[in-house]
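Please read all numbers here as calculations on a predicted model, not as lab measurements. In what follows, every heavy atom counts, from backbone to side chain, and hydrogens, waters and symmetry copies are set aside.
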Amino acid sequence: MQCLSENLKDLMGDMKVSELAEKVKIPQPTLSRYLLCQRQITLDNLVLLADYFNVDIDILIGRKDY
């Protein structure tokens, strides 16, 4: 779970959580909990984020480097 949070933060750069939440249609509190490692991500939301950042799911979860 820690890798997902770190990789998402890297991919977001200076983007605010609220901006990303709006763009990928994930509620901001949910996305914030993913970034704080307080909630496990769903497969649907993992796909949404991977598609938005144009990366493999394996990259988001830390199985591959980007």
Side-chain angles (χ1 to χ4, degrees):
M1 183 83 163
Q2 190 71 15
C3 290
L4 172 69
S5 174
E6 292 171 7
N7 291 338
L8 266 180
K9 288 175 186 176
D10 286 344
L11 290 166
M12 287 173 64
D14 293 333
M15 183 185 300
K16 294 180 182 181
V17 175
S18 58
E19 291 176 64
L20 179 59
E22 186 176 322
K23 290 179 182 199
V24 296
K25 306 296 185 220
I26 295 174
Q28 183 192 347
T30 300
L31 188 55
S32 293
R33 287 184 187 107
Y34 295 155
L35 291 166
L36 295 171
C37 299
Q38 294 176 342
R39 184 173 182 167
Q40 196 166 17
I41 194 165
T42 65
L43 181 57
D44 289 339
N45 287 345
L46 189 59
V47 169
L48 287 173
L49 290 166
D51 286 349
Y52 176 77
F53 288 113
N54 197 29
V55 296
D56 288 343
I57 289 173
D58 284 342
I59 289 173
L60 279 180
I61 62 173
R63 290 186 61 189
K64 287 184 184 177
D65 292 331
Y66 55 94

I'd like a table of donor-acceptor pairs (distance under 3.5 Å, sequence neighbours excluded) in which one partner is a side-chain atom from residues 14-31, with atom names and distances.
| unit_1 | atom_1 | unit_2 | atom_2 | d |
| --- | --- | --- | --- | --- |
| Glu19 | OE2 | Lys16 | N | 3.2 |
| Lys25 | NZ | Glu22 | O | 3.3 |
| Thr30 | OG1 | Arg39 | NH1 | 3.4 |

For residues 44-54, tabulate all N or O donor-acceptor pairs below 3.5 Å that involve a side-chain atom, not counting sequence neighbours.
| unit_1 | atom_1 | unit_2 | atom_2 | d |
| --- | --- | --- | --- | --- |
| Asn45 | ND2 | Tyr34 | OH | 2.8 |
| Asn45 | ND2 | Thr42 | OG1 | 3.4 |

- Task: Could you note down all residue pairs passing salt bridge (Lys or Arg N to Asp or Glu O under 4.0 Å) where residues 52-61 supplies at least one of them, sequence neighbours left out?
- Result: Asp56-Lys64, Asp58-Arg63
- Task: Spell out, yes or no, whether Leu43 and Val55 are grouped together once hydrophobic residues are joined by side-chain heavy atoms under 4.5 Å, including indirect joins.
- Result: yes
- Message: As an exercise, state the distance from NZ of Lys9 to CG of Leu11, rounded to the nearest 0.5 Å.
- Response: 12.5 Å
- Rounded to the nearest 0.5 Å, how far apart are CD1 of Ile61 and SG of Cys3? 9.0 Å
- Spacing of Leu4 atom CG and Ile41 atom CD1 [to the nearest 0.5 Å]: 5.0 Å
